[in-house]
Amino acid sequence: MASGANRTPLNNKQVADLFRSIGELLQILDESRFVVMAYQNAARSIDGLEQDLNEVAGEGKLEDLPRIGKAIAEKIATLLETGSLPYYDELAAQVPEGVVAMMQVPDVGPKTVKRLWKELDIASVEAMQAAAEQGRLRGLKGFGAKTEERILKSIKLLESRSDDRTPIGASLPAAQELAQTLLKHADGLVQKVEIVGSLRRWRETTGEIRLIGVSSAPREALQCFESLPQTAEVLGSDAKQSRVLLSNGMHARLSLVGAENWGAALCHATGNHKHLEELREFAQSAGLRVDENGIVPQNGFDATNGAGREALASEEGFYDLIGLQWTPPELREGVKEIDAARRRELPQLIEPGQILGELHGHTTWSDGKASVAEMAEAARRKGYRYWAVTDHSVGLGVTAGVDGEALIAQRSEIDAVNERYAAEGVDFRLIQGTEVEVLGDGELGLPDDVLATLDIVVASIHIGLRQERERITERCIKAIHNPHVDVIGHPTGRLLGRRSPSDIDIERVMRACAETGTAVEINANPARLDLSAEHARQAAELGCKIVINTDAHSTGQLDLMPYGIHTARRAWLRRTDVMNTRPLNDLLGLLKRNRSGRCTK
DNA sequence: GCCGTTTTCGGCCCGACTGTTTTCAGTCG
């Protein structure tokens with residue numbers, strides 16, 4: 001960690017990460033789980049902080065922060081002042097780095113790590129893999145062949161995620177911040193800048209943040225980019241572009257292009273490779289040649305003159321010049337969009353402003369951070385007309401969850417909020433539901449007579465996600481056939497870069513949903529994006545009803561909706577494909593519970 | 001280690017599932 005007077009001040013995330021690491025080290029070192037929890041809580045508290053920790057420290061108010069007491073406040077102060085923390089260094093000295101890394105393997109926790117390290121002298125992921133392959137782990141009490149198999153599978157998952165791609169939930173905010181900082185620092189040197197590459201296509205993960213810009217002074221502009229606060233190292237540059245390593249570990253590239261062919265450059269930099277290839281082929285068949293500089297004069301066509309030049313300054317003009325309908329970036333995957341663009345039959349994709357409400361979100365009745373009234377007000381402020389309170393049912397250990405009795409009390413609270421809005425003449429309404437747990441055998445966490453009292457029921461799997469294919473599929477289908485279940489939440493249970501999707505047969509699940517009129521969710525949380533665009537596309541083709549929800553656990557998480565919308569756009573979905581673009585009464589009428597003759601059981 | 005009081009110390013995030021046992025430990029959400 002950097003030290004000395006000239007070092008960059010640590011940001012909140014760096015401090016939170018260090019306290020999380022302390023928690024991990026303490027777990028391996030067998031410290032009381034409450035002490036571990038204290039460090040983890042402190043890390044979460046810092047994560048959720050909007051103010052810069054350095055400011056809080058400057059005001060002497062560290063101890064005022066939630067879950068930060070005297071001991072941790074002192075450690076934060078030391079860390080911010082000196083750039084390092086002796087307490088952390090002492091702990092780290094007791095545990096080899098490789099041992100800490102072993103805890104990153106899913107299903108391998110502190111107890112396992114400690115036993116492998118102490119009893120088998122295993123101190124790295126590689127050594128753990130080798131030992132599992134050689135069947136040496138089963139020598140330990142409590143370890144068997146299945147455990148070895150599971151560990152090997154988890155290591156493979158870990159390897160597949162470390163292919164240097166960053167989930168969009170981290171890369172997009174970083175790219176937006178980078179672009180804004182560049183415009184601010186460039187002081188007029190950069191006229192405009194745009195995020196391009198896979199991020200503009202809203203792909204789930206990003207290899208490199210790519211920006212293109214227009215500048216009247218390219219050399220100075222690139223120098224400015226290379227010296228931004230986010231830049232850790234310059235990896236290479238020439239007259240037109242620069243590649244840097246950011247302090248968050250991501251790579252970023254800025255390319256400068258001429259304003260006169262901005263549209264062509266934007267298209268080229270957005271990709272993907274296959275889309276561009278097909279675009280070139282199509283252009284060629286029309287007697288045009290397209291390359292990275294735009295449209296090159298060919299067969300008497302001169303794009304550098306008159307109308308042609310004007311057209312090239314915008315992407316719409318560029319596509320039009322080639323003879324194609326402008327193609328939204330989310331569709332540029334080289335699947336069938338060029339053909340559709342040629343016939344001018346690209347769908348009118350769903351737009352962010354068309355979402356009228358959400359059907360899956362949490363409050364303090366379970367593990368949400370905000371009250372029913374606070375969530376309602378935040379949803380209303382976003383312009384929504386309705387929002388469903390769907391707290392976890394009993395059955396999910398991490399949170400108390402709501403049972404039948406709690407739901408009756410919650411209903412009064414919801415009614416009171418609705419009455420207040422009605423009295424004020426505000427067109428907004430809460431509906432009451434639950435996110436009911438699909439238990440290990442397909443039973444639900446709440447009885448049918450309780451579910452029947454609700455406006456909507458979202459059923460989700462959180463536990464037993466590693467069940468084998470047939471079992472987890474049957475379990476989910478059993479829930480789908482329950483007449484009270486209206487929506488299946490985050491159907492595969494994946495967490496991008498952290499947890500593989502379950503082995504569920506998603507096609508069978510979606511067929512069952514289509515047959516019974518059960519809707520499937522696109523969970524907009526960028527950690528999930530579940531359904532994925534590919535599955536959402538398949539769902540629409542199978543005739544499933546689709547809803548997009550943020551599954552918000554705080555008011556701020558309502559802002560995650562764009563990730564869901566753009567996933568839906570990647571799936572070629574139109575407004576009419578998505579249920580929560582409809583007014584509440586229409587939507588309620590479409591729910592399974594309110595439709596007669598649609599249920600098979 | 002934090003918090004909220006019973007202001008000096010006890011309670012915190014616990015239930016379900018899996019693999020390995022055959023009663024439980026470890027992990028996860």
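To find a chain, count down the sequence lines: A is the first, B the second, and so on, and within it residues start at 1. The structure displayed is predicted, hence computed values, not measured ones.
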Practice prompt. For A:Asn549, check side chain to side chain donor-acceptor pair (under 3.5 Å) against everything at least two apart and list the hits.
Written response: A:Glu521

Worksheet item: According to the interplanar angle, ranging from 0 to 90°, do the rings of A:His462 and A:His490 count as parallel (below 30°), tilted (30 to 60°) or perpendicular (above 60°)?
Response: perpendicular

Discussion item. Restricting to side-chain contact (heavy atoms from CB on, under 4.5 Å), what partner residues turn up for A:Glu55, sequence neighbours left out?
Written reply: A:Gln51, A:Asp52

Response to the item:
Whichever of A:Gly69 and A:Leu465 has the more 5' nearest nucleotide on DNA chain B, that residue is A:Gly69

Worksheet item: Considering residues at least two apart in sequence or located in another chain, which fulfil the ring-ring contact (aromatic ring centres under 6.0 Å, His included) criterion with A:Trp202?
Response: A:Tyr563, A:His566

Discussion item. The criterion is ring-ring contact (aromatic ring centres under 6.0 Å, His included); which residues satisfy it with A:His360, sequence neighbours excluded?
Written reply: A:His362

Worksheet item: Hey, does A:Val36 reach any base, or is it just sugar-phosphate, or nothing, if we go heavy atoms under 4.0 Å?
Response: nothing

Worksheet item: When you check every protein heavy atom under 4.0 Å of nucleotides 18-25 of chain B, what one-letter string (B, S, -) results, 5' to 3'?
Response: SSS-----

Worksheet item: side-chain contact (heavy atoms from CB on, under 4.5 Å) with A:Thr473: which residues, sequence neighbours excluded?
Response: A:Arg469, A:Ile477, A:Ile504, A:Asp505, A:Arg508, A:Val509

Worksheet item: For A:Ala73 and A:Asp441, take the nucleotide of DNA chain B holding the closest heavy atom to each; which residue's nucleotide lies nearer the 5' end?
Response: A:Ala73

Worksheet item: Could you write nucleotides 4-9 of chain B as a row of B, S and -, 5' to 3', where a protein heavy atom under 4.0 Å of any base atom gives B, of only sugar-phosphate atoms gives S, and otherwise -?
Response: ------

Worksheet item: If pairing requires Watson-Crick or G-U wobble contacts with both distances under 3.5 Å, which nucleotide is the partner of B:dC28?
Response: B:dG15

Acceptor/donor pairs from residues 86-100 of chain A side chains to any protein atom, 3.5 angstrom cut, sequence neighbours excluded:
unit_1: A:Gln94; atom_1: NE2; unit_2: A:Glu90; atom_2: O; d: 3.3

Worksheet item: Taking only residues at least two apart or on different chains, which pairs with a member in residues 27-36 of chain A satisfy side chain to side chain donor-acceptor pair (under 3.5 Å)?
Response: A:Asp30-A:Lys114

Item to complete: Taking only the side-chain nitrogens and oxygens of A:Thr112, find out if one of them lies under 4.0 Å from OP1 or OP2 of B:dT27.
Response: yes

